[in-house]
Amino acid sequence: MRQGPATRVMKADGAAIREAAACLAAGGLVAFPTETVYGLGADATNAHAVARLYEAKGRPRFNPLISHIADVDAALALARFDATARRLAAAFWPGALTIVAPKAPGCAVCELATAGLDTIAVRLPDHPVARDILAALGRPVVAPSANISGHVSPTRAEHVVADLDGRIELVVDGGPSPVGIESTVVACLGARPVLLRPGAIARSTIERLIGGRLADPERADEPAPRPAGPGMLASHYAPRARLRLEASDVAPGEALLAFGPSLPAGSHHAVAVLNLSERSDPLEAAACLFAHLRALDATGAALICVATIPQEGLGAAINDRLRRAAAPRL
Ligand code: TXA
Ligand code: MG
């Protein structure tokens, strides 16, 4: 559903970085690669640009955005980091960790971007194109995944174009996002940090660093922020086709998203088979999860069977996304 002129796509070179920064500074919407997924950027300090971003994605306005920054000092100008938040930032930034903390006094990010909360989510991405754009603009950039709200997240420029052509000004094409699954979101608001969204950095990796358990939103010692994250939205990351999880067999006409060397019974009936990782590697599986979901959806199959994926490491985040993709649609 195009709404305006075709979106420009530029290869990620110096000219594209300058163009992206100029476009953002003028209130435009620019999609760019991060290490996790492609983000749809808007100047976080410009309420009009942020309003356009919610509109372009069809995103509910109660769902706050992550402010992306170029360095730790820029984060500290937006958010009040306690000792845990500082340790997390020192250990994992630049990287796929988003930290939710109280807004700092004088925080320049507009109210709309934080959905009126007194907390803010910040992330310093580990991707040269994202970092160059952030540095060139010199302001925080809100960047949700660059897809229509509720749909499969984009890991390539062509996924962004498929969802948002004519709704945004520019896509900077920096090739596939290497990690393939969104950042882990951790709130540092009280005595114990809370895991709001499982993601590209495994829970166990973070727990080793802090030397203790991350709380879960529903079991948090302190009241979890509302909304607590995409957990509030049961259906998310969804292709057009229905999903059947932990499938042990495949019926004629169904598509198969496999994992590991052995295929479920009846796989020869499948209209298409894609394997997340023949060698059962969760990192490899995360990197191709969203691209494979989009490709199987494009076959027109009404149902995508998904093999069982172990919970260890990144498996938890992959299964989180698959459960939401399989959830009843609104
Ligand atoms: O990897 C990523 O994080 C990607 C790339 C582009 O950086 N971005 C991304 O953004 O996944 P988005 O908007 O799809 O997810 C942001 C998540 C949402 O679940 C939102 O609810 C949560 O962060 N969030 C943002 N601000 C929050 C806040 N103040 N309190 C609690 N959750 C917050
Ligand atoms: Mg998203």
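Atoms within a ligand are numbered from 1 in the order they appear, just like the ligands themselves. Since this is a predicted model, take the numbers as computed values, not measurements. When reading the values below, keep in mind they use all heavy atoms of this one structure, side chains included, and skip hydrogens, waters and symmetry mates.
Side-chain contact check for Arg167 versus Lys57: every heavy-atom pair is 4.5 Å or farther apart. Within the 4.5 Å cutoff, side-chain heavy atoms of Pro140 are placed close to those of Thr45. With contacts defined as side-chain heavy-atom distances shorter than 4.5 Å, the pair Trp93/Ile69 qualifies. At least one side-chain heavy atom of Val100 sits less than 4.5 Å from a side-chain heavy atom of Val185.
Remark: among candidates Val186, Ile120, Val122, Leu196, the nearest residue to atom 31 (C) of ligand 1 is Leu196, based on non-hydrogen atoms. Considering each of His68, Arg197, His236, the one bringing a non-hydrogen atom nearest atom 11 (O) of ligand 1 is Arg197.
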Please evaluate residues Ser183 and Thr98 with respect to the criterion side-chain hydrogen bond (donor to acceptor under 3.5 Å, both in side chains), reporting the C-alpha separation (whole Å), side-chain torsions for both, the decisive distance (0.1 Å), and the verdict. CA-CA 6 Å; Ser183 62; Thr98 294; 2.8 Å; yes

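Between Arg8 and Glu169 there is no salt bridge, since none of the side-chain N atoms of the basic residue sits less than 4.0 Å from a carboxylate O of the acidic one. In this structure, Lys11 does not pair ionically with Asp13, as no charged nitrogen and carboxylate oxygen lie closer than 4.0 Å.
A side-chain donor-acceptor contact under 3.5 Å links Ser177 to the backbone of Thr34. For Asp249 (side chain) and Ala265 (main-chain N/O), no donor-acceptor pair under 3.5 Å exists by modelled atom type.
Near Ala121, meaning under 4.0 Å from one of its heavy atoms, ligand 1 places the atoms 25 (C), 26 (N), 27 (C). Annotation for ligand 1: atoms under 4.0 Å from non-hydrogen atoms of Ser183 are 1 (O), 2 (C), 3 (O). Set against the non-hydrogen atoms of Arg59, the atoms of ligand 1 under 4.0 Å away are 12 (P), 13 (O), 14 (O). Set against the non-hydrogen atoms of Asn63, the atoms of ligand 1 under 4.0 Å away are 18 (C), 20 (C), 21 (O). With ligand atoms numbered from 1 in the order given, ligand 1 contributes 28 (C), 29 (N), 30 (N) to contacts under 4.0 Å with heavy atoms of Thr119. For ligand 1, the atoms lying closer than 4.0 Å to a non-hydrogen atom of Ala143 are 6 (C), 8 (N), 10 (O). Those atoms of ligand 1 with a heavy atom of Gly39 less than 4.0 angstrom away are 6 (C).
Within the structure, the closest approach of Ser145 to ligand 1 falls below 4.0 Å when heavy atoms are considered. Distances from ligand 1 to the non-hydrogen atoms of Thr114 include no value under 4.0 Å.
Checking only distances, Tyr38 never comes within under 3.5 Å of ligand 1, N or O to N or O. Residue Thr36 has at least one nitrogen or oxygen atom sitting less than 3.5 Å from a nitrogen or oxygen atom of ligand 1, judged on distance alone. No N or O atom of Glu182 sits closer than 3.5 Å to an N or O atom of ligand 1.
Counting only N and O atoms by type, the side chains of Ser153 and Arg321 include no donor and acceptor under 3.5 Å apart.
Here Ser149 does not reach the Mg ion (ligand 2): none of its N/O/S atoms is less than 2.8 Å from the metal.
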